[in-house]
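To start, I am sharing the structure in question, which I have written as structure tokens.
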Amino acid sequence: AQSVTQLGSHVSVSEGALVLLRCNYSSSVPPYLFWYVQYPNQGLQLLLKYTSAATLVKGINGFEAEFKKSETSFHLTKPSAHMSDAAEYFCAVRGSGNTPLVFGKGTRLSVIA
Amino acid sequence: EAEVAQSPRYKITEKSQAVAFWCDPISGHATLYWYRQILGQGPELLVQFQDESVVDDSQLPKDRFSAERLKGVDSTLKIQPAELGDSAMYLCASSFGQGASGYTFGSGTRLTVV
């Protein structure tokens with residue numbers, strides 16, 4: 001069964017600093033990987049997804065993620081944090097076929113002025 | 001941009017009462033999902049529909065939860081009776097295809113059981 005592990009339940013960065021949110025996946029076959037963002041009392045919004053077309057994936061709001069098969073990782077980065085980036089971020093994995101998304105426990109990002 | 005509609009946004013109910021949530025997916029999305037998200041945790045799948053058929057309800061507590069999607073369009077999730085531990089965000093999502101297709105989530109229903 002596929003699963004993802006997000007390292008760090010809470011990450012705090014200064015405004016303008018690099019954002020790095022870690023995600024490792026477990027899958028017996030090449031998976032589809034996703035990052036979602038959730039603001040308080042809202043649903044989840046897709047940031048980006050890996051579909052094997054390219055290992056470096058660019059998403060919305062300046063975020064990007066790199067798929068590294070050798071490390072089974074799909075870490076999310078942003079060069080310069082903005083106050084509006086403060087939210088909960090979820091990594092998710094999906095197999096082939098009509099299997100559902102499986103989410104990690106999430107990482108709360110705080111941005112300090 | 002098309003959205004997944006959910007109602008109500010917030011619901012407070014007393015334990016042992018019945019409660020129901022409604023979801024209208026994006027038009028043309030055959031697959032519909034209900035997830036439960038406990039505060040501070042990731043969403044967990046409750047039930048998955050393909051058109052009007054249940055594909056996966058292995059994590060649905062069937063003694064108190066039920067879900068239906070009668071015409072393969074909108075869906076209702078019911079809890080009867082509600083328990084204190086059911087307090088959570090209930091998220092509905094829909095998708096067009098398989099594999100690489102992501103989901104579109106609704107804004108969710110925040111349930112508080114008192």
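All chains are named by letter (A, B, ...) in the order of the sequence lines, taking the proteins before the strands, and each is independently numbered beginning at 1.
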Under the 3.5 angstrom rule, does the side chain of A/Arg108 hit a backbone N or O of B/Gly40 as a donor-acceptor pair? no

Against chain A, label B/Gln48 side chain, backbone, both or neither, depending on which of its atoms sit under 4.5 Å from a heavy atom there. side chain

Take atom CD of B/Glu52 as the centre, draw a 6.0 Å sphere, and report whether it contains more than 12 heavy atoms from other residues, nucleotides or ligands. yes

Can you say whether B/Thr31 sits under 4.5 Å from chain A via the side chain, the backbone, both, or neither, judging by heavy atoms? side chain

What heavy-atom pair brings B/Tyr103 and A/Leu101 nearest, and what distance separates the two atoms? OH-N, 2.6 Å

If every non-hydrogen atom of B/Arg9 is compared with every non-hydrogen atom of A/Gln42, which pair is closest and at what distance? NH2-NE2, 3.9 Å

Between B/Phe49 and B/Leu91, is there shared hydrophobic-cluster membership here, with clusters defined by ILVMFWY side-chain heavy atoms closer than 4.5 Å? no

Single-linkage hydrophobic cluster A/Leu44~A/Tyr32, side-chain heavy atoms < 4.5 angstrom: yes

Flag yes if more than 12 heavy atoms outside B/Gln80 fall under 6.0 Å of its CD atom; otherwise flag no. no

B/Arg110 atom CZ: more than 12 heavy-atom contacts under 6.0 Å: yes

Heavy-atom cut-off 4.5 Å, strictly under: side chain, backbone, both or neither for B/Thr104 against chain A? neither

Please check if atom CD in B/Glu44 has more than 12 non-hydrogen atoms from other residues, nucleotides or ligands closer than 6.0 Å. no

Proximal component of B/Gln37, with respect to chain A [non-hydrogen, under 4.5 Å]: side chain

State, with a plain yes or no, whether a side-chain heavy atom of B/Ser95 is found less than 4.5 Å away from one of A/Arg94. yes

Interchain contact, B/Gln6 with chain A, by part (heavy-atom threshold 4.5 Å): neither

Less than 4.5 Å apart, side chain to side chain, heavy atoms only: is that true for A/Asn41 and B/Met89? yes

For A/Gln38, is it the side chain, the backbone, both, or neither that has a heavy atom closer than 4.5 Å to a heavy atom of chain B? side chain

Among A/Lys105, A/Gln45, A/Gln6, A/Glu88, the residue with the most heavy-atom pairs under 4.5 Å to chain B is A/Lys105

CD (B/Gln59) with more than 12 external heavy atoms under 6.0 Å: no

So which atom in B/Gly42 and which in A/Phe90 form the shortest heavy-atom distance, rounded to 0.1 Å? CA-CE2, 3.4 Å

More than 12 non-hydrogen atoms from neighbouring residues, nucleotides or ligands closer than 6.0 Å to CG on B/Leu39, yes or no? no

Grouping I, L, V, M, F, W and Y whenever their side-chain heavy atoms are under 4.5 Å apart, do A/Tyr50 and A/Tyr25 come out in a common cluster? yes

Hey, are the side chains of B/Tyr35 and A/Pro100 touching, using non-hydrogen atoms and a 4.5 Å cut-off? yes

